[in-house]
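Report on the following structure.
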There are 2 protein chains.
Amino acid sequence: MDERKRKVLLAIVQDFIATAEPVGSRTIAKKYKLGVSPATIRNEMADLEEMGYIEQPHTSAGRIPSVRGYRYYVDYLMKKRELTQEEEEVIRRGLDKKVRDVAKVFRRTGDLLSQLTSYTSMVLTQQGRPSKFKHIQLVSMNPTRTMVIVVMDNGAVHHRMIETPESIIAADLETLSRVLNAKLQGMNMDTIKFTLLQELYFELGRYKHILDLSLELIQDSLFLAEEDRIYLGGVFNMLTQPEFHNAERIKTMLGILEQEELLCELLSGENLDQGVTIRIGDEIEDDSEIKHYSVVAAPYTLSGRRIGTVGVLGPTRMDYAKVISVVDFLTKNLSVVLDRVLRGGGR
Amino acid sequence: MDERKRKVLLAIVQDFIATAEPVGSRTIAKKYKLGVSPATIRNEMADLEEMGYIEQPHTSAGRIPSVRGYRYYVDYLMKKRELTQEEEEVIRRGLDKKVRDVAKVFRRTGDLLSQLTSYTSMVLTQQGRPSKFKHIQLVSMNPTRTMVIVVMDNGAVHHRMIETPESIIAADLETLSRVLNAKLQGMNMDTIKFTLLQELYFELGRYKHILDLSLELIQDSLFLAEEDRIYLGGVFNMLTQPEFHNAERIKTMLGILEQEELLCELLSGENLDQGVTIRIGDEIEDDSEIKHYSVVAAPYTLSGRRIGTVGVLGPTRMDYAKVISVVDFLTKNLSVVLDRVLRGGGR
DNA sequence: TTTAGCACTCAGCACAGTAGAGTGCTAACA
DNA sequence: TGTTAGCACTCTACTGTGCTGAGTGCTAAA
């Protein structure tokens, strides 16, 4: 692959990304003055096609990049793009608003992402590491109902309402809470299950019902934890892209977007542990409709630990340079914001 | 409006709902044997058109119902439809799965709704009534971080992480929690603010920082409460409807669906406090694209109090009879399930 | 009042012809 | 040997035309 071929390929990719139209030799010669005539470029294009970097939708059309062509572009030809002052500003202002609600932060992140890229954004919040039990509290809501609250050491709080016999009074619950806390401090489920259960039941036998339900909540908190949750944004936004003039393509896209599990998988691969990952067309998956699209994703962290992934889903004809820079900048900022929101500290 | 006109209108509405094609006089004469010839029916149709119940897309097409026609159909002509055994079964089984997570219940409700109707479902969870403070608990997570947990008497639990000086130990937090609980029992914000504050600060002055942040959380819990949250389901589903063969219509639909506030408004009107409400076309709103669609909605309750709304959004050519029966049955069942999940009790 | 008959309208479709973009090949040129 | 101009060829997209079929409204007869 000599220098001129590279230039031609670059021109084709750039032009196709910009216009969504197959690129002809004349266009390249005129717009990207390589100093040679269209005929020469045609020769180069024939070579590039043979090598698998570009393809022709039909005989008398220009060329479009193949997946391989995009890959080469992303790996070797694309120049890194810095965000403009303005874009950085948009992100900073978007994330800086005073929020205490994590869900809102994620939704806003998604909105920013799709607003800046005009593709669909995905924000995945992943299971934290399996966390340990920290604290349990029983609160009487009314004579027959008690709220069980479990705090995990990663900061998650789970609660559940249970029915309790009238005979139990607030003081009992207070005592129960204290005893449970003392006994269960820092335990993981195994220890709780096998070592302490009998001891507890012996001491607190008359509260068996409450104990059962409390331990059940603790167990659920330990094992089921939070489900992965995915936020989508800017679906409508993306439909302004010319590839979606056709109703069928819109439908398949929406079909993809409704398969939450698929999207979660897309974003939860181990391999995208550091930095921005780019998957193009059938690199994503070979036998799903998604192979006509591309995904750019990057993880975000909380105190250095990866707790989720941000991604952009768009047509393979995606402005990779821009998307990559936005995703990169956004995940870094998101990590900072999350530290502030979730770990307490200044507003 | 004599009996025969009614029959003709009914035939037009039913046929159009079933086929999505303008209905001609011959079709009516053949399929809905009214015992008269197409010519007679044409005369009736001319009358109905003049009265505003039906309209003609273009000269040589059949007739389609107007908004007014649908309204007449829904109010006077439509016969109530009971759910089939099978449909009831689907709903029951769908909702009966053991769940503890409310969000999941709502999502499942939406899925069922759109699955049974093949339109888009919306589930709105509304602000509970302004609730009272019930319990506060401070839990030390590590030497410099404390989790503040507030329980409201409607069962909502709010939590927030705050920074605390190292000098504070777990026992202090325990004491603080106890004192706060004793002082604040059942108070609303006004009383907390003006009567007790000084007293508290006098007694617990050295914990001013924690107090500030705790009261702030209580305040937020009281006033901001939960935001309205809306779940959408079956968007892709609805696109199988023939009206969405055209890309533009899909786009405007998605545009509508991304305006969460609009959808929330749709479902939160006071007027739909009891039973199933049907709004057709521009009855919904006159100057939005939504005027080409219809909404069927009904509230659901928790211990008798309305806490949200379930709705179906689809083309005006909607199978009203079916949708109404599904929405009705589903909201009733949902209320039962919520009682079980949220208020504790058996699984 | 109902109905048969008929002329009329119009969307939708198939078809052919055309314009334009772009190609590949060949032969001439530096 | 690489580059270029020229040219024939291909194929899509668009346009206009004519036809078909569905459906109407009107009129006159039953």
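On a predicted model such as this, the values are computed, not experimentally measured, just so you know. To find a chain, count down the sequence lines: A is the first, B the second, and so on, and within it residues start at 1.
- Rounded to whole Å, the distance from CG on B:Leu34 to P on C:dT2 is 12 Å.
- A residue-by-residue look at B:Thr59 and B:Ala39 shows that B:Ala39 has its nearest nucleotide of DNA chain C further toward the 5' end.
- Phosphate contact (OP1/OP2 of D:dT24, side-chain N/O of B:Ser25, threshold under 4.0 Å): present.
- Taking atom CD of residue A:Glu21 and atom P of nucleotide D:dT12, one finds them 15 Å apart after rounding to whole Å.
- With rounding to the nearest 0.5 Å, the separation of SG in A:Cys264 from CE in A:Met122 is 9.5 Å.
- Under 3.5 Å, the side chain of A:Arg42 and the base of C:dG24 form at least one donor-acceptor pair of N or O atoms.
- Atoms CZ (B:Arg26) and P (D:dG25) sit 16 Å apart, rounded to a whole Å.
- Counting distance only, with no hydrogens placed and no angle test, the side-chain atoms of B:Ser60 and the base atoms of C:dC10 include a donor-acceptor pair under 3.5 Å.
- Ring geometry for B:Tyr293 versus B:Phe244: interplanar angle under 30°, hence parallel rather than tilted (30 to 60°).
- Residue A:Arg63 places no side-chain atom within donor-acceptor reach of the base of C:dG24, judged by atom type and a 3.5 Å distance cut-off alone.
- In this structure, A:Thr40 does not reach the D:dT3 phosphate: none of its side-chain N or O atoms is under 4.0 Å from OP1 or OP2.
- One interatomic measurement links the two molecules: CD1 of B:Ile41 to P of D:dG25, which rounds to 13 Å at whole-angstrom precision.
- Rounding to the nearest 0.5 Å places CG of A:Leu266 at 5.5 Å from CZ of A:Arg279.
- As a whole-Å value, the separation of A:Gln56 CD from D:dT10 C1' is 10 Å.
- A straight line from CG of B:Leu48 to P of D:dG25 spans 12 Å, rounded to a whole angstrom.
- For the pair B:Glu50 CD and D:dG25 P, the interatomic distance rounds to 11 Å; values are reported in whole Å.
- Enclosure of atom CZ in B:Arg68 by more than 12 non-hydrogen atoms of other residues, nucleotides or ligands within 6.0 angstrom is indicated.
- The CG-P distance, from A:Asn43 to D:dT1, rounds to 15 Å in whole Å.
- Each of B:Arg42, B:Arg63, B:Lys5 was evaluated against B:Glu49; a single residue qualifies, B:Arg63, per the salt bridge (charged side-chain N to carboxylate O under 4.0 Å, His left out) test.
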